[in-house]
Amino acid sequence: MKHSLTALLVLAASPALAASKNPFSADFWSLSNTDMIVLIAFLIFAGVLIKFKVPGMLTGLLDKRADGIKSDLEEAKSLREEAQTLLASYERKQREVQEQADRIVASAKDEASRAAEQAKADIKTSVARRLAAAEDQITSAKDSAIRDVRNQAATVAVAAAQDVIAKQTTAADANKLIEDAIAEVGAKLH
């Protein structure tokens, strides 16, 4: 706003300068008028640009840039679609792996419970076998102790009987017993 006030003051103070701004005045077409020089320079510059087809090159460059941007956008779109496809594939694979892991865990739990049940059954069988073996050993030891006691009792009874018989038996009775034993053995052998 300050510049426009300055320009108005300059125009009001200099009537010749104000007349040079009007293209219909003679002062405008003089070479001392800078506006005229700038206009001519601009027209020459625009002519040179048109002669060398700069606007066509600029539009061509802009079109190339627009095509490049369009192809980049299409490539980005295709990459995005590919990424979404890969993401869906990975999510599907992750679900499959999770389901497989869940199946493996469930299978392992089932197998562990079966193994625990089998171990319990094996322990019960082993305990029952050991109890049976212990009972057999106890029965065998009992039978052996009873036999030992009977044998000892028989030995003691025989010794006591032998002592009693030896004290009460005469030589004639002993000879008769020996002859009867020999006859009995002979009869059993034939």
Side-chain angles (χ1 to χ4, degrees), residues 1-6 38 41-165 181 184-190:
M1 183 140 186
K2 188 175 184 182
H3 293 294
S4 59
L5 285 175
T6 306
V38 169
F42 177 74
L43 291 175
I44 292 171
F45 178 71
V48 168
L49 289 179
I50 292 171
K51 168 88 173 148
F52 290 111
K53 299 179 183 176
V54 172
M57 285 192 283
L58 287 177
T59 56
L61 289 174
L62 289 175
D63 288 343
K64 271 188 192 177
R65 180 72 179 142
D67 291 341
I69 290 171
K70 194 180 291 184
S71 69
D72 287 346
L73 286 174
E74 289 173 3
E75 183 179 351
K77 186 187 289 185
S78 69
L79 286 174
R80 180 175 183 236
E81 290 171 358
E82 184 179 335
Q84 286 177 338
T85 304
L86 282 174
L87 177 64
S89 171
Y90 286 132
E91 287 175 348
R92 186 178 67 249
K93 286 180 183 178
Q94 181 184 12
R95 282 192 304 271
E96 290 172 359
V97 167
Q98 184 63 42
E99 289 170 359
Q100 184 178 10
D102 291 343
R103 284 192 306 268
I104 289 171
V105 167
S107 174
K109 284 181 181 178
D110 290 344
E111 189 173 325
S113 75
R114 281 194 301 272
E117 292 297 323
Q118 182 63 37
K120 285 180 185 178
D122 290 347
I123 289 172
K124 281 183 181 180
T125 304
S126 176
V127 167
R129 231 181 309 122
R130 288 184 183 185
L131 282 174
E135 287 176 0
D136 288 346
Q137 286 178 347
I138 291 170
T139 303
S140 175
K142 183 179 174 183
D143 291 344
S144 176
I146 289 173
R147 263 194 317 274
D148 288 344
V149 168
R150 282 186 185 161
N151 288 341
Q152 190 69 23
T155 304
V156 169
V158 167
Q162 190 176 15
D163 285 342
V164 169
I165 291 175
E184 186 178 333
V185 168
K188 287 187 180 180
L189 287 176
H190 295 294

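The analysis underlying the following values was restricted to heavy atoms, covering all of them including side chains, and did not include hydrogens, waters or symmetry mates. Predicted model, so just to flag it, every value in this text is computed and none were measured.
Summarising the geometry, atom CD belonging to Glu117 is positioned 5.0 Å from atom NZ belonging to Lys120; distances are rounded to the nearest 0.5 Å. For the atom pair CG (Leu62) and CG (Asp67), the distance works out to 11.0 Å, reported to the nearest 0.5 Å. Residue Met57 holds its CE atom at 9.0 Å from CG of Leu49, rounded to the nearest 0.5 Å. Distance check, rounded to the nearest 0.5 Å: CD of Gln152 to CZ of Arg150 gives 14.5 Å. Note: Arg129 CZ to Asp122 CG = 8.5 Å, rounded to the nearest 0.5 Å. Rounded to the nearest 0.5 Å, atoms CD (Glu135) and OG1 (Thr139) are 7.0 Å apart.
Formation of a donor-acceptor pair under 3.5 Å by the Ser89 side chain with backbone atoms of Thr85 is not found in this model. Judged by distance alone, the side chain of Ser107 and the main-chain N or O of Arg103 form no donor-acceptor pair under 3.5 Å. Under a 3.5 Å cut-off, the side chain of Thr59 and the backbone N or O of Pro55 do form a donor-acceptor pair. No side-chain donor-acceptor contact under 3.5 Å links Ser144 to the backbone of Ser140.
For the pair Gln118 and Arg114, the minimum side-chain heavy-atom distance is 4.5 Å or more. Leu73 is not listed as a side-chain neighbour of Lys77, based on a closest heavy-atom distance of 4.5 Å or more. Within the 4.5 Å cutoff, the side chain of Gln100 has no heavy atoms near those of the Glu96 side chain.
Checked against side chain to side chain donor-acceptor pair (under 3.5 Å), Asp148 has no partners two or more places apart in sequence or in another chain. Residues passing the side chain to side chain donor-acceptor pair (under 3.5 Å) test with Gln94: none are found, sequence neighbours excluded.
Surrounding CD of Gln84 are more than 12 heavy atoms belonging to other residues, nucleotides or ligands, all under 6.0 Å away.
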